[in-house]
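Accompanying notes for the structure given below.
Basis for what follows: all heavy atoms, side chains included, without hydrogens, waters or symmetry-related copies. Each residue takes its place number in the sequence, starting with 1. From a predicted model like this one, the values you see are computed outputs, not experimental measurements.
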Amino acid sequence: MKMFTNTPKLRTTASLLAALLFPVAASAAAPAWEPSRAIEYIAPANPGGGWDTLARTTARVIMQEKLSSQNFATINIPGGGGAVAWAQIARDSKNDHKLFATSPPLILVPLAGMSRYSHEDFTPIARLITDSATVLVRKDSPYQTLNDLLDALRENPRLSIGGGSAPGSLHHVSFAGLAMAAGLNAREVNYVSYSGGGEAIISLLGGHIEAVSAGIGESSGQIAESGQLRALGVAADTRLPGELADLPTYKEQGVDYTFDIWRGIMGPKNMSPEAVAYYENLYVRMLNSDSWQQARDQLAWTDAYLNSQEFGLFLDQQQQQFSQVLGELSLLRK
């Protein structure tokens, strides 16, 4: 049974094309606002996870393509599954020179009662990509397939599954959904949380946990290049292109389950409309650049652009959807 895909198609091809082309044409005119100093570009976790990968990759492309006169300085603020960074950003609500990478934990962590700040306390700038969920094991792991791991969990539900987000957040929910689709009791999953995907992978390599729930983009380097990890599958409808094309989907292995991890950029709540328009324009130009398309393909990401207004509506929908999921796991804040 297909659990859910958390990236509904909100746009037609025609409207997407129009949204992409209009800001590019408008960029010929002088912008109403431009940054006057370096951008504080926050990844709300330790290096190595999905937020960090998105922030550093987009910052590099923006620099390579000379899309901004100011530097996008990546800053890691770990803690609380993102809550520590969100609290700092919320206190700086009128700063037009501060942005942060975001993904489903911005919805999940507040719903689970682990942050007083939700997506409504920030300004959506743009949704950029989706990244498929995966499960990682060490190269020498006895689990050769996804079903090997699931069968082991049937025998011993206390096997440890790590992830770079808090309990009730992205990687926990992703793996819990997989467990439910495979007929396991998701509430019995022994999920071990870390402050970032990089820390979770280090723990896996050290033999402290059996597997890691992650996004394929943040893991592609260790899979395709270093060979230290193996992915047991990908929670996508179809196989990924490029170097990961040999990786089977969960569906191919008999588990009808997909999970797309959207990622985007937000800013403080009271950003000026002129700054929001500037950043929207910048990210559209970035998505159209050769440097971005090369980086995107290397990370097995899929472009999934939504502008500020559309992203805000999407986040509202995500809150409703994830409320149901956390309720099933008995993790929804009362």
Side-chain angles (χ1 to χ4, degrees), residues 20 22-80 82-103 105-106 115 117-129 195-196 263-292 295-296 305-309 311-312 315:
L20 288 173
F22 175 75
V24 173
S27 65
W33 179 90
E34 286 189 353
S36 58
R37 61 179 187 271
I39 309 303
E40 297 176 67
Y41 209 36
I42 296 170
N46 282 323
W51 287 329
D52 181 73
T53 302
L54 182 70
R56 293 185 187 279
T57 301
T58 53
R60 185 180 72 249
V61 171
I62 290 167
M63 179 185 69
Q64 289 174 341
E65 296 288 336
K66 298 181 172 60
L67 299 177
S68 175
S69 61
Q70 300 295 332
N71 183 41
F72 280 58
T74 303
I75 302 168
N76 293 92
I77 304 179
V84 173
W86 302 331
Q88 292 187 24
I89 297 164
R91 290 195 294 267
D92 200 9
S93 66
K94 295 183 178 181
N95 191 342
D96 285 346
H97 294 80
K98 180 171 288 189
L99 300 172
F100 67 99
T102 190
S103 64
L106 183 62
S115 173
Y117 299 102
S118 73
H119 72 282
E120 296 174 340
D121 295 300
F122 306 102
T123 298
I125 301 297
R127 191 184 74 175
L128 299 178
I129 59 101
S195 59
R263 301 191 193 280
I265 303 296
M266 299 184 76
K269 185 172 184 176
N270 297 317
M271 293 185 78
S272 68
E274 294 80 7
V276 173
Y278 171 87
Y279 292 122
E280 280 183 309
N281 181 289
L282 180 145
Y283 285 113
V284 168
R285 290 184 290 133
M286 183 200 74
L287 290 173
N288 285 330
S289 71
D290 291 338
S291 297
W292 169 258
R296 173 204 63 200
Y305 176 80
L306 293 177
N307 65 26
S308 176
Q309 182 178 8
F311 192 19
L315 292 171

Apply ring pair (Phe, Tyr, Trp, His ring centres under 6.0 Å) to W292 and Y283, showing your working. CA-CA 10 Å; W292 169 258; Y283 285 113; 8.9 Å; no
Closest non-hydrogen atom pair between A45 and G196, with its separation: CB-CA, 4.3 Å
Qualifying residues under ring-ring contact (aromatic ring centres under 6.0 Å, His included), relative to F72, sequence neighbours excluded: Y41
Shortest non-hydrogen separation from T123 to P268 and the atoms involved: OG1-O, 2.6 Å
Is E274 atom CD crowded by more than 12 heavy atoms from other residues, nucleotides or ligands, each under 6.0 Å away? yes
Side chains of S291 and E65: is there a donor and an acceptor less than 3.5 Å apart? yes
Taking S118's backbone N and O only, do any of them form a donor-acceptor pair with D121's side chain (distance below 3.5 Å, no angle check)? yes
Please report the closest heavy-atom contact between S68 and I62, naming both atoms and the distance. CB-CG2, 4.0 Å
Minimal heavy-atom distance between Y279 and H97, with the atoms involved, is OH-CA, 3.9 Å
How would you list all residue pairs meeting ring-ring contact (aromatic ring centres under 6.0 Å, His included) that involve residues 46-69, not counting sequence neighbours? none
Which residues share a side chain to side chain donor-acceptor pair (under 3.5 Å) with S195, sequence neighbours left out: N46, E199
Ignoring hydrogens and angles, tell me if any N or O in the side chain of T57 forms a donor-acceptor pair with the backbone of L54 under 3.5 Å. no
In short, V276 meets P124 closest at the heavy-atom pair CG1-O, 4.4 Å
Minimum heavy-atom separation for F122 and W86, please, with both atom names. CZ-O, 3.5 Å
Check for a donor-acceptor pair, side chain of E40 on one end and backbone N or O of I75 on the other, with a separation under 3.5 Å. no
Do the non-hydrogen side-chain atoms of H119 and T102 ever get within less than 4.5 Å of each other? no
